[in-house]
Amino acid sequence: QSGQRAGEAGHDLNYIGHTGLLALNHGPPDRPVVPPALIADIAGGSFPAVMNILLALRQRDLTGQGCYLDIAMSDAMFTFSGHALASGHVTGEYPQSGNARLTGGSARYQLYPTKDGKLVACAALEQKFWLTFTACIGLAPEFVDDRPNPIATKAAVAAIIAAKTADEWRPIFAKADCCVTIMATLEEALHDPHFTARGLFEHKVAGRSGATMTALPVPIDPAFRDNAVKKVPKLGGGD
């Protein structure tokens with residue numbers, strides 16, 4: 001509610017752009033990538049609002065005093081740059097697009113294309129996971145230590161991953177259990193037995209015709225959910 005940009009129009013892309021978060025991994029200039037999630041809207045607005053409202057209510061319960069909350073979507077974006085901020089503070093050089101440890105600069109935290117054009121999501125950051133991963137793909141010993149030449153290690157891993165299809169790699173990585181998986185499409189994720197078993201898609205909304213569709217999954221414990229089918233109100237109406 002204060003500051004020079006308090007009254008400035010904007011959307012999620014502007015908020016992550018103002019705070020340097022987007023600059024950490026926006027893709028090459030000729031092929032810029034728009035993030036797939038509304039980070040500032042949800043993680044910078046809704047979630048901090050809920051947390052602070054709950055804290056305010058607890059404080060009121062304990063002290064009898066209310067308070068005024070100012071939740072700014074942009075402010076919270078620096079929270080998500082923690083790894084890059086730490087690197088910048090220590091080294092004096094802040095990461096650029098794609099070269100931070102968690103934005104593509106490490107062979108251990110990377111997306112590798114398979115032979116059939118799918119992607120392997122490698123997040124083998126810790127040494128134990130990295131050693132398991134490099135062993136199961138048969139990475140040459142000279143590339144296992146990725147500190148001397150991370151670019152060379154990344155290229156060597158990419159060449160190996162590209163030699164097999166996603167279905168060939170899937171059981172190998174599942175057995176290794178080293179934080180390496182096959183990236184799923186949204187449609188595939190909707191049919192993942194893990195998510196369906198947890199009941200994420202059981203809640204329904206109904207249109208005026210009576211037809212139903214899956215409600216948007218939200219991070220609320222089942223104990224606090226109302227399982228009744230919600231009716232979508234008529235456009236422009238309140239019933």
Side-chain angles (χ1 to χ4, degrees), residues 1-27 32-89 94-95 97 100-103 109 123 184 186 189-190 192 194-196 198-207 212-239:
Q1 299 300 305
S2 62
Q4 295 181 358
R5 292 199 174 104
E8 183 178 302
H11 278 301
D12 198 275
L13 202 61
N14 308 116
Y15 307 145
I16 62 176
H18 277 317
T19 54
L21 183 61
L22 183 59
L24 292 176
N25 201 359
H26 54 67
V33 176
V34 177
L38 299 179
I39 305 172
D41 285 359
I42 305 300
S46 300
F47 288 172
V50 170
M51 287 187 286
N52 281 279
I53 290 170
L54 291 176
L55 287 170
L57 291 172
R58 290 296 294 130
Q59 178 176 274
R60 182 202 61 183
D61 293 342
L62 294 172
T63 67
Q65 298 295 316
C67 67
Y68 173 82
L69 299 176
D70 184 348
I71 309 298
M73 289 182 281
S74 293
D75 288 358
M77 292 303 92
F78 292 101
T79 303
F80 298 95
S81 301
H83 62 98
L85 287 170
S87 176
H89 288 323
Y94 290 89
S97 179
R101 181 175 174 80
L102 300 182
T103 62
Y109 203 82
L186 180 57
L190 290 175
D192 187 309
H194 171 79
F195 299 125
T196 55
R198 287 183 56 78
L200 293 186
F201 314 119
E202 292 179 356
H203 308 287
K204 306 293 182 181
V205 292
T212 62
M213 64 179 291
T214 300
L216 178 69
V218 292
I220 298 176
D221 189 274
F224 304 114
R225 294 175 183 169
D226 180 357
N227 291 326
V229 175
K230 299 294 190 300
K231 293 183 179 180
V232 177
K234 182 181 179 180
L235 186 63
D239 59 345

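Since the model is a prediction, treat every value here as computed from it, not as a measurement.
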Just verifying a value: how many Å separate Thr214 OG1 and Lys204 NZ, rounded to the nearest 0.5 Å?
3.0 Å

Would you be so kind as to tabulate the donor-acceptor pairs closer than 3.5 Å made by side chains of residues 70-87, with sequence neighbours excluded?
{"unit_1": "Asp70", "atom_1": "OD1", "unit_2": "Gln1", "atom_2": "N", "d": "2.9"}
{"unit_1": "Asp70", "atom_1": "OD2", "unit_2": "Gln1", "atom_2": "N", "d": "2.8"}
{"unit_1": "Thr79", "atom_1": "OG1", "unit_2": "Ala76", "atom_2": "O", "d": "3.2"}

State, with a plain yes or no, whether a side-chain heavy atom of His26 is found less than 4.5 Å away from one of Val33.
no

Around Tyr68, counting heavy atoms of other residues, nucleotides and ligands shown, do more than 12 lie under 6.0 Å from its OH?
yes

Can you check side chain to side chain contact (heavy atoms under 4.5 Å, CB included) on Phe47 and Ile42, steps first, answer last?
CA-CA 6 Å; Phe47 288 172; Ile42 305 300; 3.9 Å; yes

Determine all donor-acceptor pairs shorter than 3.5 Å in which one atom belongs to a side chain in residues 50-61; sequence neighbours excluded.
{"unit_1": "Asn52", "atom_1": "ND2", "unit_2": "Pro48", "atom_2": "O", "d": "2.7"}
{"unit_1": "Arg58", "atom_1": "NH1", "unit_2": "Asp61", "atom_2": "OD2", "d": "3.4"}

With sequence neighbours left out, write down each residue that passes side-chain contact (heavy atoms from CB on, under 4.5 Å) with Thr196, or none if nothing qualifies.
Pro193, Phe201

Identify all side-chain donor-acceptor contacts of residues 16-24 below 3.5 Å with residues at least two apart in sequence or on another chain.
{"unit_1": "His18", "atom_1": "NE2", "unit_2": "Glu8", "atom_2": "OE2", "d": "3.3"}
{"unit_1": "Thr19", "atom_1": "OG1", "unit_2": "Tyr15", "atom_2": "O", "d": "3.0"}
{"unit_1": "Thr19", "atom_1": "OG1", "unit_2": "Ile16", "atom_2": "O", "d": "3.4"}

Those residues at least two apart in sequence (or on a different chain) that pass side-chain contact (heavy atoms from CB on, under 4.5 Å) with Ala206 are Thr212, Val229

side-chain contact (heavy atoms from CB on, under 4.5 Å) against Gln65, all qualifying residues, sequence neighbours excluded
Thr63

Ser97 and Gly27: which non-hydrogen atoms are nearest, and at how many Å?
OG-N, 3.6 Å

Within a 6.0 Å radius of atom CZ on Arg225, are there more than 12 heavy atoms belonging to other residues, nucleotides or ligands?
yes

Which heavy atom of Val34 sits nearest a heavy atom of Leu13, and at what distance?
CG1-CD1, 4.3 Å

